[in-house]
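Structure first, then comments.
Lettering of chains follows the sequences in order, A, B, ..., and the numbering in each one begins at 1.
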There are 2 protein chains.
Amino acid sequence: MSLTHAILASLDFQPMTGYDLKKFFDVSVSHFWTTTQSHIYKALDDLEKEGWITGELIVQEGRPNRKVYRLTESGRAELRRWLTTPLPPAPVREAWLIQLFFSHASTDEEIIALLEARGRMIRDILETYETQTQSAVPADLPPGRERAQALWRMTLDYGIAFYEFELEWNQRMLERVRNLPPQSDSHHA
Amino acid sequence: MSLTHAILASLDFQPMTGYDLKKFFDVSVSHFWTTTQSHIYKALDDLEKEGWITGELIVQEGRPNRKVYRLTESGRAELRRWLTTPLPPAPVREAWLIQLFFSHASTDEEIIALLEARGRMIRDILETYETQTQSAVPADLPPGRERAQALWRMTLDYGIAFYEFELEWNQRMLERVRNLPPQSDSHHA
DNA sequence: AAATTCATGTAATAAGTTACATGATTCC
DNA sequence: GGAATCATGTAACTTATTACATGAATTT
């Protein structure tokens with residue numbers, strides 16, 4: 001699982017609570033990996049049982065107590081192992097290709113409408129993505145963080161490159177739909 | 001959910017059992033959508049409760065009985081509605097970008113090794129993908145299926161285009177890693 | 001003789017989302 | 001005065017995977 005390792009990696013930056021982690025994920029990896037509060041607290045439990053992190057209760061007045069987690073030695077080792085072990089590429093899983101695959105009974109116009117709607121949505125995402133990217137990576141990172149910053153940019157660029165690819169493919173398919181063989185009358189029994 | 005609608009669309013082709021559906025998915029949409037037996041049987045139950053399909057028990061001798069499902073009128077309507085409703089693009093969810101994002105403590109060589117391993121794996125997938133594509137789409141589809149066949153090809157091409165994109169991006173990132181800012185000694189507390 | 005196909009399903013577990021609950025404090 | 005922040009969690013549900021069970025018939 002990746003969430004657990006994202007947590008390990010984050011805690012290696014600095015000790016944090018579940019609440020801190022959620023905020024950190026939201027401003028850092030949320031472009032390619034989203035998660036929820038509940039899931040984070042569950043993962044923290046699992047990680048502690050595994051012995052990779054330890055939690056320390058910080059009692060507070062006026063506001064809820066905090067439970068600050070930090071890496072253990074075995075947690076740091078596990079993180080290092082995971083960070084240098086190539087993950088197998090995740091299989092393509094695109095629900096909307098199911099629509100395309102089964103559209104033989106739709107008219108050309110309906111398929112074109114589907115593709116165009118998708119094109120518009122991807123263009124929207126790209127636009128917000130590109131404006132966000134400017135502000136997302138803090139320009140004034142503390143010294144010694146340039147390396148992390150450069151990697152951060154690389155992951156942001158993946159998102160842009162991916163949606164640009166999607167847009168190109170969308171364009172190409174629009175042309176192909178115009179040369180689609182016609183529907184057969186005999187299709188439906 | 002998409003599995004249920006993939007089932008609806010398949011049953012519109014012809015009535016089938018859960019077993020048939022699994023085989024059909026394996027040779028058709030498995031390039032971009034995989035599923036399991038158990039999940040299919042569960043989805044069939046749900047679809048029947050929803051009133052979109054009806055099952056008919058076919059008693060057999062010598063081998064297990066079959067439960068053949070077919071679309072109802074409301075099922076056909078739901079299928080049509082779904083097929084013409086644009087799905088919102090799924091957010092990017094790439095576990096391995098987590099690795100890249102948190103690799104600031106790794107050496108350049110380690111990051112390069114990660115990228116190169118990934119490049120090799122993608123190249124492998126592309127190779128098998130391209131040979132499979134030749135044989136996957138039956139060339140001698142019954143007349144009137146040319147339209148379905150053309151759509152099939154489009155979805156197969158998506159897979160190829162996607163992995164080619166991944167490979168390109170991989171290449172570009174390898175160049176960028178060679179210009180990464182160095183690690184800071186002060187990183188670890 | 002052993003493996004595979006046919007065909008159903010259950011059980012267990014993992015991964016992930018949504019909604020709810022609490023209660024003081026601080027910001028608008 | 002109302003909303004948002006801080007900070008924990010539980011509960012219910014959905015989605016998906018893995019493993020197991022059955023038992024005749026067919027293929028290797």
Side-chain angles (χ1 to χ4, degrees), chain A residues 1-8 10-11 15-27 29-30 32-50 53-69 87-88 90-96 98, chain B residues 1-7 10-11 15-27 29-30 32-50 53 55-69 87-88 90-96 98:
Chain A
M1 200 187 26
S2 303
L3 172 59
T4 52
H5 288 92
I7 292 177
L8 284 183
S10 304
L11 295 183
M16 280 189 264
T17 67
Y19 191 81
D20 296 335
L21 281 164
K22 171 64 175 152
K23 280 194 301 176
F24 179 61
F25 286 147
D26 282 347
V27 299
V29 296
S30 67
F32 55 88
W33 190 267
T34 58
T35 189
T36 54
Q37 255 195 359
S38 350
H39 205 176
I40 289 173
Y41 286 115
K42 172 71 164 59
L44 284 170
D45 271 359
D46 294 348
L47 283 167
E48 193 166 27
K49 269 177 204 141
E50 196 73 56
I53 63 175
T54 43
E56 186 193 352
L57 190 73
I58 310 279
V59 180
Q60 295 194 128
E61 298 153 24
R63 48 182 55 189
N65 295 334
R66 295 160 54 83
K67 222 157 139 190
V68 177
Y69 292 93
L87 286 177
V92 173
R93 194 168 189 82
E94 282 281 347
W96 100 270
I98 296 178
Chain B
M1 199 187 27
S2 303
L3 172 58
T4 52
H5 288 92
I7 291 177
S10 304
L11 295 184
M16 281 189 263
T17 67
Y19 191 82
D20 296 334
L21 282 164
K22 171 64 174 152
K23 279 194 301 177
F24 179 61
F25 286 147
D26 282 349
V27 298
V29 297
S30 68
F32 54 87
W33 191 267
T34 57
T35 189
T36 54
Q37 253 195 1
S38 351
H39 205 176
I40 289 174
Y41 286 114
K42 173 71 165 57
L44 284 171
D45 271 358
D46 295 347
L47 283 168
E48 193 166 25
K49 270 176 204 141
E50 197 73 55
I53 62 175
E56 186 193 352
L57 190 73
I58 310 279
V59 180
Q60 296 193 128
E61 298 154 24
R63 48 182 55 189
N65 295 334
R66 296 159 56 82
K67 222 157 140 190
V68 177
Y69 291 94
L87 286 176
V92 173
R93 194 167 188 84
E94 282 281 347
W96 99 269
I98 297 178

Exercise. Determine the sole option in A:Thr4, A:Leu21, A:Asp20 for which the side-chain contact (heavy atoms from CB on, under 4.5 Å) test with A:Ile40 is passed.
Key: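 Exactly one option meets the side-chain contact (heavy atoms from CB on, under 4.5 Å) with A:Ile40, and it is A:Leu21.
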Atom [atom1] of [X] to atom [atom2] of [N]: distance rounded to whole Å?
{"X": "A:Glu48", "N": "D:dT8", "atom1": "CD", "atom2": "P", "answer": "12 Å"}
{"X": "A:Ile58", "N": "D:dA7", "atom1": "CD1", "atom2": "P", "answer": "11 Å"}
{"X": "A:Asp20", "N": "D:dT5", "atom1": "CG", "atom2": "P", "answer": "15 Å"}
{"X": "B:Asp26", "N": "C:dC6", "atom1": "CG", "atom2": "P", "answer": "12 Å"}
{"X": "B:Glu56", "N": "C:dT8", "atom1": "CD", "atom2": "C1'", "answer": "17 Å"}
{"X": "A:Ile40", "N": "C:dT17", "atom1": "CD1", "atom2": "C1'", "answer": "13 Å"}
{"X": "B:Arg93", "N": "D:dA16", "atom1": "CZ", "atom2": "P", "answer": "12 Å"}
{"X": "A:Met16", "N": "D:dT8", "atom1": "CE", "atom2": "C1'", "answer": "17 Å"}

Please work out if [X] contacts a base, only the sugar-phosphate, or nothing of the nucleic acid, heavy-atom cut-off 4.0 Å.
{"X": "A:Lys42", "value": "nothing"}
{"X": "B:Thr17", "value": "sugar-phosphate"}
{"X": "A:Glu61", "value": "nothing"}

Tell me which nucleotide among [options] gets nearest to the side chain of [X].
{"X": "A:Tyr41", "options": "C:dG9, D:dT8, C:dA7", "value": "D:dT8"}
{"X": "B:Thr36", "options": "C:dA7, D:dT17, C:dT17", "value": "D:dT17"}
{"X": "A:His39", "options": "C:dT25, C:dC6, C:dA15", "value": "C:dA15"}

Self-check item: Contact nearer the 5' end of DNA chain D, comparing A:Leu44 with A:Pro64
Solution: A:Pro64
Exercise. Tell whether B:Ser38 reaches the base of D:dT18 with its side chain through a donor-acceptor pair below 3.5 angstrom.
Key: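 Result: at least one qualifying N/O pair found.
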Practice problem: Applying side chain to side chain contact (heavy atoms under 4.5 Å, CB included), run through B:Ile58 and B:Glu56 and close with a yes or a no. | Solution: CA-CA 6 Å; B:Ile58 310 279; B:Glu56 186 193 352; 4.2 Å; yes
Between [X] and [N], does any side-chain N or O lie under 4.0 Å from OP1 or OP2?
{"X": "A:Arg66", "N": "D:dA7", "result": "yes"}
{"X": "B:Arg63", "N": "D:dT26", "result": "no"}
{"X": "B:Gln60", "N": "C:dC6", "result": "no"}
{"X": "B:Tyr19", "N": "C:dT8", "result": "no"}
{"X": "A:Lys22", "N": "D:dA7", "result": "no"}

Quiz item: If you pin B:Asp45 and A:Gln37 to their nearest nucleotides in DNA chain C, which one's is more 5'?
Solution: B:Asp45
Exercise. May I ask you to decide whether B:Lys49 forms a salt bridge with B:Asp45, counting only side-chain N to carboxylate O separations under 4.0 Å?
Key: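 Looking at B:Asp45 together with B:Lys49, the answer is no, because their closest N to O distance does not fall below 4.0 Å.
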Quiz item: Do B:Glu48 and B:Ile53 pass the side chain to side chain contact (heavy atoms under 4.5 Å, CB included) test, and can you show the C-alpha distance, the side-chain angles, and the key distance before you say yes or no?
Solution: CA-CA 5 Å; B:Glu48 193 166 25; B:Ile53 62 175; 4.2 Å; yes
Practice problem: Go through the steps to decide whether B:His39 and B:Leu3 satisfy the test side chain to side chain contact (heavy atoms under 4.5 Å, CB included), and finish with yes or no. | Solution: CA-CA 9 Å; B:His39 205 176; B:Leu3 172 58; 3.7 Å; yes
Exercise. Would you indicate whether A:Lys22, at its atom NZ, is surrounded by more than 12 heavy atoms from other residues, nucleotides or ligands within a distance under 6.0 Å?
Key: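 Check passes, neighbour count above 12.
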